[in-house]
Each structure stands twice: as C-alpha cells, then as structure tokens.
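These numbers were taken from a predicted model, which means no experiment stands behind them.
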Amino acid sequence: MDFWSTIGVLFRRWYITIPAFALAVGAAWAVYKTVPTQYTSNAVIVLTMPTHGGSLPYNPTQPNPELNPLIVTDRGLTMTASILIAALNAPDTATDLGIPPGGEIEMKVTNGSSNLEAMANGPLVYIEVQSPDPKLSETLVAKISARARVELREREVQIQAPPQTYIVVTDVVSPTQAMPQIGRRSRAAVVSLALGAISALTAAYGFESIAVARRRKRQRLVRPSTPALAERVP
C-alpha cells in the first residue's frame with residue numbers, strides 16, 4: 001500500500017485513528033510524568049607525583065633505591081589511574097558506598113573514555129553519579145572521590161612503597177551541583193508515543209480490512225441472485 005492509500009485509510013477511519021492517537025498522546029504524557037528525573041553530579045581527580053618523586057635518593061648502603069612501583073612503570077601514573085578505576089567499579093565497592101546493583105542509581109568511574117584500555121587522558125579519573133535525588137548524587141560523588149584516596153593508599157601500603165613517594169590525589173573538579181537530566185524521561189515518552197501511533201495505525205488498517213472483507217462477502221452473495229431475478233422478468 002502506497003503513501004496516499006495509507007492517508008486515505010487514515011482519513012476514512014478517522015473515528016478510529018483520532019481516539020487511538022489521542023490515547024497514545026495521553027499515555028506518552030503519563031509516562032513522561034511518571035518516570036523520575038535523574039540528577040547528575042560529576043567530579044574529576046588527578047594523580048600527581050609527590051614532591052620528592054617516585055623514588056628515594058640513592059643510598060650507598062643499599063644496592064637499589066627505594067621506589068614506589070605504582071609510579072615507576074612503563075606508563076607511569078596513567079596505569080595507576082586505570083588500576084584505581086577498576087577498583088572503584090568493582091561491585092563490592094558500589095555496595096559499600098550504598099549503591100545497590102540494578103537500582104535507580106548509576107555510577108560511572110572512567111578515564112574519560114568508554115574504553116578503559118585506551119588510557120588516552122593520562123592519570124585522570126572521572127566520576128559521575130545519577131540518581132533521583134540531587135543531594136544523593138552530590139553526596140555519592142564526594143564519597144567515591146574519598147574512596148579513591150583510600151583505595152590508592154591501601155595499595156601503596158600493600159606493595160610497601162616508601163611513604164615519601166605516596167601519590168598525591170588532587171581535585172581538578174570538585175563534586176558539582178547535581179543537574180536534572182530529562183533525556184531518560186523524553187526517551188520513554190517518545191517510545192510510548194511511537195508505540196501508540198503504531199497501535200493507531202494497526203487499528204485503522206484492521207478495521208479497514210474487516211470492512212473490505214465484509215463488502216466483498218456481500219457482493220459475492222448478491223451476484224448469484226441477479227440471473228434468477230432476470231429470468232422472472234417477462
């Protein structure tokens with residue numbers, strides 16, 4: 001069926017399409033009002049070298065200088081940032097911070113890229129939290145930023161790095177004020193409206209098909225009786 005035939009069906013069955021489309025608009029509006037608004041807060045931290053560098057001065061009484069393995073690597077602090085991101089994204093970490101899996105709260109800790117292995121932005125850690133409560137988003141971002149410092153220090157203690165070489169964590173962007181994100185509500189409303197429009201078209205075509213089938217059936221019933229009527233006429 002071409003475009004103009006479709007338009008013709010919609011106009012002929014206006015008493016079906018108009019109420020159905022109005023119902024779809026109402027359902028989309030209800031979905032838009034029902035889906036809660038998500039509020040997003042962000043923070044960015046950076047890992048930097050300590051003042052004395054990643055290793056202590058050479059001591060003649062020791063064969064090798066003491067160093068911090070989390071700094072003295074092929075990729076330096078970039079690798080350390082990736083390790084920290086992986087630790088913060090662990091499910092147990094989210095649970096400890098009060099973010100249950102599968103809930104309305106979404107936490108993202110990245111290096112600014114969707115591919116953690118790319119490591120294109122250096123020793124930067126981007127933190128983002130979405131939740132229905134703006135204050136909760138801001139609080140969780142601050143908690144994750146603090147947890148990053150704890151995770152980093154625990155690993156430095158675990159590998160017995162000299163305290164003088166401990167990595168410095170600096171806030172590049174402090175936890176921002178949570179801003180509403182209406183994209184989720186808009187997408188839900190658009191999907192609902194699209195489904196309603198499809199339902200309206202389906203109803204119109206269904207009613208049209210039934211009407212055409214009934215008309216053809218009546219025509220088949222009328223045609224056999226026409227010769228009989230003609231024979232009775234003198």
Side-chain angles (χ1 to χ4, degrees), residues 22-48 77-78 80-157 166-197 199:
L23 184 61
V25 173
W29 176 252
V31 169
Y32 181 82
K33 299 298 290 185
T34 302
V35 175
T37 301
Q38 292 289 94
Y39 294 86
T40 302
S41 179
N42 301 275
V44 181
I45 60 177
V46 63
L47 309 183
T48 58
L77 293 174
T78 302
T80 306
S82 298
I83 295 173
L84 186 59
I85 291 170
L88 293 174
N89 280 316
D92 292 342
T93 302
T95 303
D96 292 342
L97 293 171
I99 305 176
E104 296 181 342
I105 303 174
E106 297 181 7
M107 178 187 76
K108 295 180 182 179
V109 183
T110 68
N111 63 349
S113 172
S114 59
N115 182 9
L116 181 61
E117 296 179 356
M119 295 183 293
N121 293 307
L124 294 171
V125 178
Y126 294 80
I127 303 170
E128 178 181 300
V129 172
Q130 286 189 7
S131 77
D133 185 355
K135 292 298 182 182
L136 179 60
S137 296
E138 298 170 10
T139 300
L140 288 176
V141 167
K143 290 175 65 175
I144 296 170
S145 180
R147 181 63 177 262
R149 292 162 167 80
V150 174
E151 292 285 342
L152 179 60
R153 190 66 70 242
E154 287 180 352
R155 280 157 178 75
E156 290 180 311
V157 172
Y166 282 173
I167 298 170
V168 179
V169 181
T170 305
D171 288 324
V172 178
V173 178
S174 299
T176 61
Q177 181 180 359
M179 301 298 295
Q181 304 293 319
I182 62 173
R184 182 179 179 184
R185 301 177 69 186
S186 300
R187 287 192 297 270
V190 169
V191 170
S192 177
L193 182 61
L195 292 176
S199 299

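The OG1 atom of Thr139 sits 8.0 Å away from atom CG of Asp133, with the distance rounded to the nearest 0.5 Å. The distance from atom NZ of Lys143 to atom CG of Asp96, rounded to the nearest 0.5 Å, is 9.5 Å. In this structure, CG on Leu88 lies 7.5 Å from CD1 on Ile144, to the nearest 0.5 angstrom.
Shown here for Tyr39 and Ser137, the closest heavy-atom pair between the two residues is O-OG, 2.7 Å. Pairing each heavy atom of Thr93 with each of Glu151, the nearest pair is OG1-OE2, 4.3 Å. Nearest heavy atoms, Glu156 versus Ile167: OE2-N, 2.7 Å. The minimum heavy-atom distance between Pro134 and Ala178, with the atom names listed, is O-CB, 3.4 Å. Heavy-atom minimum distance, Leu140 versus Ile105: CD1-CG2, 3.8 Å. The heavy-atom pair separating Ala94 from Met107 by the smallest distance is CB-CE, 4.1 Å.
Two residues are said to be in side-chain contact when any heavy atoms from C-beta on lie closer than 4.5 Å; Leu152 and Thr80 meet this criterion. Residues Val169 and Arg153 fail the side-chain proximity criterion, which asks for heavy atoms closer than 4.5 Å.
Residue Leu47 is tested with Leu124, Leu84, Thr170 for a side chain to side chain contact (heavy atoms under 4.5 Å, CB included); the sole match is Leu84. Of the residues listed (Asn42, Thr40, Val44, Val141), the one engaging Thr176 in a side chain to side chain contact (heavy atoms under 4.5 Å, CB included) is Asn42, and it is the only one.
The pair Arg149-Asp171 meets the salt-bridge criterion, with a side-chain N (NZ, NE, NH1 or NH2) lying under 4.0 Å from an Asp/Glu carboxylate O.
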Stepwise side-chain contact (heavy atoms from CB on, under 4.5 Å) check, Leu97 with Arg147: CA-CA 9 Å; Leu97 293 171; Arg147 181 63 177 262; 4.3 Å; yes
Steps toward side-chain contact (heavy atoms from CB on, under 4.5 Å) verdict (Val172, Tyr126): CA-CA 10 Å; Val172 178; Tyr126 294 80; over 6 Å; no
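Under a 3.5 Å cut-off, the side chain of Gln38 and the backbone N or O of Glu104 do form a donor-acceptor pair.
Open room surrounds CD on Gln177; 12 or fewer heavy atoms of other groups in view lie less than 6.0 Å from it.
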